[in-house]
Amino acid sequence: SSGWRIEAMTRYEKQRREIIALVSQHMGWTGLSGKFKALTWFNSNNPLLGGISPRHMLLHNKYKRLLEWIKQQIEDDE
């Protein structure tokens, strides 16, 4: 039903925004150029994620896996 689709897209949008904000904050990406960098990262295939994009991970319900990976990368950088 369309209600399920709206709920799924709302969840996806919330997760997408959270992931992009987390990565942008960590990388110090701000302003319009920062938004562009974050969106480029989000939509690009990443060899460290098995050759898929963070976007596809969210679309395939891998939010927790992606979030844990990002948190690990941030920990490793510190």
Side-chain angles (χ1 to χ4, degrees):
S1 83
S2 64
W4 177 84
R5 286 186 207 151
I6 291 170
E7 182 180 317
M9 281 306 278
T10 301
R11 185 179 62 243
Y12 167 79
E13 279 300 313
K14 181 181 175 191
Q15 292 172 348
R16 181 183 74 86
R17 289 176 187 185
E18 183 178 343
I19 293 294
I20 288 174
L22 183 63
V23 170
S24 295
Q25 180 181 7
H26 175 68
M27 298 301 290
W29 292 337
T30 59
L32 188 57
S33 66
K35 185 175 183 178
F36 177 76
K37 289 175 188 176
L39 289 173
T40 299
W41 172 84
F42 186 73
N43 290 308
S44 298
N45 292 341
N46 187 326
L48 299 175
L49 296 173
I52 63 173
S53 69
R55 176 180 179 267
H56 280 98
M57 289 188 77
L58 290 187
L59 290 172
H60 294 286
N61 295 319
K62 304 288 184 195
Y63 170 75
K64 288 181 182 177
R65 181 174 167 219
L66 177 60
L67 188 59
E68 290 304 315
W69 181 83
I70 290 169
K71 287 179 178 179
Q72 184 63 50
Q73 298 303 309
I74 291 170
E75 256 182 49
D76 291 349
D77 282 352
E78 293 176 347

Side chain to side chain, H60 and L66, heavy atoms closer than 4.5 Å: no
Taking C-beta and beyond as the side chain, do D76 and Q72 meet within less than 4.5 Å on heavy atoms? yes
Could you state the interatomic distance from [atom1] ([X]) to [atom2] ([Y]), rounded to the nearest 0.5 Å?
X   : Y   : atom1 : atom2 : value
L49 : I70 : CG    : CD1   : 8.0 Å
L67 : E18 : CG    : CD    : 6.0 Å
H56 : N43 : NE2   : CG    : 8.5 Å
I19 : L58 : CD1   : CG    : 6.0 Å
R55 : N45 : CZ    : CG    : 10.5 Å
E68 : E75 : CD    : CD    : 9.0 Å

Please determine whether residues F36 and L22 belong to a single hydrophobic cluster, defined as Ile, Leu, Val, Met, Phe, Trp and Tyr linked transitively by side-chain heavy-atom distances below 4.5 Å. no
How are the rings of W41 and W69 set to each other: parallel, tilted or perpendicular (split at 30° and 60°)? parallel
Pairing of E13 and R17 as salt bridge, 4.0 angstrom limit: yes
Has Q25 got more than 12 heavy atoms of other residues, nucleotides or ligands less than 6.0 Å from its CD? no
